[in-house]
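Written below as structure tokens is the structure these notes are about.
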There are 2 protein chains.
Amino acid sequence: MPPMSEREPKPGRPPRAVDVAAAAEVSTATVSRVFNNPEKVAPAIRERVLAAAKAMGWMPHAAGSALARRRSSIVGAVIPTLDNEVFAAQVGAMQAAFAERGITLLLSCFNYNQDQAVHDVQAMLARGVEALAIVGEAHRPELFASIQARHIPYVVTYSHRPGSPHACVGFDNRQAFHTIARHLLDLGHETIGVIIQPTAGNDRVAARLDGVRAALAERGLGVRPQHLREGEWSIDFGRQSVRAILATDPVPTAVICGNDYLAVGALLEARAMGLSVPRDLSITGFDDIAISRQLDPPLTTMHVDNHEIGRRAADYLLACLEGERPAAMPPLVPTLIRRGTAAAPDLPARPA
Amino acid sequence: MPPMSEREPKPGRPPRAVDVAAAAEVSTATVSRVFNNPEKVAPAIRERVLAAAKAMGWMPHAAGSALARRRSSIVGAVIPTLDNEVFAAQVGAMQAAFAERGITLLLSCFNYNQDQAVHDVQAMLARGVEALAIVGEAHRPELFASIQARHIPYVVTYSHRPGSPHACVGFDNRQAFHTIARHLLDLGHETIGVIIQPTAGNDRVAARLDGVRAALAERGLGVRPQHLREGEWSIDFGRQSVRAILATDPVPTAVICGNDYLAVGALLEARAMGLSVPRDLSITGFDDIAISRQLDPPLTTMHVDNHEIGRRAADYLLACLEGERPAAMPPLVPTLIRRGTAAAPDLPARPA
DNA sequence: TTGTACGCGTTATCAC
DNA sequence: GTGATAACGCGTACAA
């Protein structure tokens, strides 16, 4: 048993590589190698160093490491809010994927505020993030400019606009809502209301509304002003909006909602008003959040795999960090989930 | 207009303080001061430095800064998962509170895996987090040991066990479920089922079950084995559990659920089975998640303000970082929300 | 295989 | 009010 020096130079302060080196009677270079290129050091010495490190609870300090290595091993995620399960799922999946590769995730929520988003990104760049994932592409130009100035890889998630200059992992919002509108049209609806999030400063939402309008236009139809309700995506706004829309003339036979939260509100309120869904009113959502399939009737919506989006975004960024130049990724396609809230108008749900 | 040197020493590489200093014709010390103690530098020079910095897009690099300052300005949050809106809310609130003070949040989800939690905490310590917030206190001893070895402040959230050695911001889970059980007992229920998350390795859940048992014991009652269902907190598990419990003998007149997800499942399934809630079966939840108040009937549950928990946890840690030694915080008290799913047994909801 | 010595980018101390 | 310079903790050529 070698005389392992037990001296701890500055008690009460976290140990440093020199301390471990002294304890193990090697140089700091060897300590560093043990942790970064273990195969390059003799097994006996390696054990000694490992033992010393464990004994004093040492682990390489990230700041020093980042400086020397010129790599922070940190990536940032910039999302609107964690209060929407859609973004929470994306972040969760990204975090898991990065953790596997020893990369930690910095999180920031900009609350749908573009200035906040710019600020958040800058703060992350200052923190030396090696890559960035950002929800949506409707951001101030300086946001992307400052990222590009740093030459670090980034992805836009939850959106995949054809022709976008950014790498993106998501789906075509316009196409998705075109699909859903077409579904209702094919069922025979001609008077369709829309309850949707604020379109201002939100590319994804604007694209959705655009998709609906395009689908209607193809049949010579349109969304009447009194049938369009724009507001925060909340169950409550969904509730008050159906109520408002059902009070207009002509009364729509179907309502397309910008996301499932709005649709859940619409469905619950319609039922509370004594309407039968889908006989009296068809309702569609988007995202397929957890509650949607549970309701009665279960919500017709489009399913988006947000864990998959998060994982893909992480994989893309990881590949970039490995020095690869990954090809542009094909868009995901949300799938229409025909459940119980959309049917042909003016007909009983199904004949007995 | 002074001859501002436009040379950018190493093109393609992020600028450093020396570059800014050269451009502004000052020393790096002054550059640093401009960004950290602006009042200590002459206005004219300050402007010059600011202009130069903005021109070349410089901002202090966090790793170097952390090293010199011996402060990382990073804190970590360790939670089970973002898929539960309860934890997502806590994280969101913490992130916002920290951001105001220029502190960034590192996130880690351990998925109810204790080994993962230990690993995550160690990784965060290596990253030099200055403080840590951790959900729950049922963790391996080495988790807390390694934090304490670093002498950094930490809080346990979402739990407040009397006598806990940790600073905690949360509520007394045992007390809360005692309250809810008592509520049902006072309504006249004597046969009560329980649908709850796995108690193994989860202090919060174990305390909840304990609270229920204690309340029943005070009336000489108990939870029959066939009336206790333990499993993942999901709407689906809630559904299958009521179904199973209702098939037992004697049939409970009420079911206490470990959280709202389970309760939502129980409620929806009971209704799907043709039961009238609360006439045929009373159901209670816990957490008061967003959907709970929206259902029909709205769920009787206990409200926990998770944004508040997150904010308080952040404030506590912030105070510690300021060098204060904040007093132990009183527990939050979840409030019983009497809505529509709990009533006296064997009676119509209310006489007309 | 191991050790020496320097650089990473910033801040703090101390002269001036 | 401002500048030189020494930390801060680690990784890594390069030399041995």
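Residue numbers begin at 1 in each chain, while the letters A, B, ... track the order of the sequences. Because only heavy atoms are used, hydrogens play no part in the values below, and waters and symmetry mates are left out as well, while side chains stay in. From a predicted model like this one, the values you see are computed outputs, not experimental measurements.
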Round to the nearest Å and state the distance from [X] atom [atom1] to [N] atom [atom2].
| X | N | atom1 | atom2 | value |
| --- | --- | --- | --- | --- |
| E39(B) | dT2(D) | CD | P | 12 Å |
| K40(B) | dT11(C) | NZ | C1' | 13 Å |
| R69(A) | dG11(D) | CZ | P | 5 Å |
| D19(B) | dC8(C) | CG | P | 11 Å |
| R16(B) | dT11(C) | CZ | P | 14 Å |
| W58(B) | dT11(C) | CH2 | C1' | 10 Å |
| R48(A) | dT1(C) | CZ | C1' | 13 Å |
| E25(B) | dG1(D) | CD | P | 21 Å |

Exercise. Got a donor-acceptor pair under 3.5 Å from the side chain of R33(B) to the base of dG3(D)?
Worked result: yes

Exercise. Under the 3.5 Å rule, do the base of dG9(D) and the side chain of R70(B) count as making a donor-acceptor pair?
Worked result: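 No.
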
Closest nucleotide among [options] to the [X] side chain:
| X | options | answer |
| --- | --- | --- |
| H61(A) | dC10(D), dT2(D), dT11(C) | dC10(D) |
| T28(A) | dC10(D), dG3(C), dA5(C) | dA5(C) |
| A17(B) | dT10(C), dC10(D), dT2(C) | dT10(C) |
| V41(A) | dT2(C), dT12(D), dA12(C) | dT2(C) |
| S65(A) | dT11(C), dG9(D), dG11(D) | dG11(D) |
| L67(A) | dG9(D), dA12(C), dT4(C) | dG9(D) |
| N36(A) | dG11(D), dT4(C), dT2(C) | dG11(D) |

For this session: Check the angle between the aromatic planes of F144(B) and H166(B) and answer parallel, tilted or perpendicular using the 30° and 60° thresholds.
Result: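 Correct class here is parallel.
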
Taking any heavy-atom pair under 4.0 Å as a contact, classify [X]: base, sugar-phosphate, or nothing.
| X | value |
| --- | --- |
| V31(B) | nothing |
| V18(A) | nothing |
| A29(B) | base |

Exercise. Hey, are R101(B) and E322(B) close enough for a salt bridge, meaning a charged N less than 4.0 Å from a carboxylate O?
Worked result: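 Yes.
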
Problem set entry | Sidechain N-carboxylate O distance under 4.0 Å for D203(B), R161(B) |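 No, no charged N to carboxylate O under 4.0 Å.
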
Seminar exercise, completed: Comparing N37(A) with T30(B), nearest DNA chain D nucleotide closer to 5' gives the residue T30(B)

For this session: Answer with yes or no whether the side chains of S72(B) and R127(B) bring together a donor and an acceptor at under 3.5 Å.
Result: no

For this session: Determine, step by step, whether L125(B) and S146(B) satisfy the side-chain contact (heavy atoms from CB on, under 4.5 Å) criterion, reporting the C-alpha distance in whole Å, the side-chain angles of both residues, the deciding distance to 0.1 Å, and the verdict.
Result: CA-CA 8 Å; L125(B) 291 173; S146(B) 51; 4.0 Å; yes

Exercise. Is the centre of the H119(B) ring less than 6.0 Å from the centre of the F110(B) ring?
Worked result: no

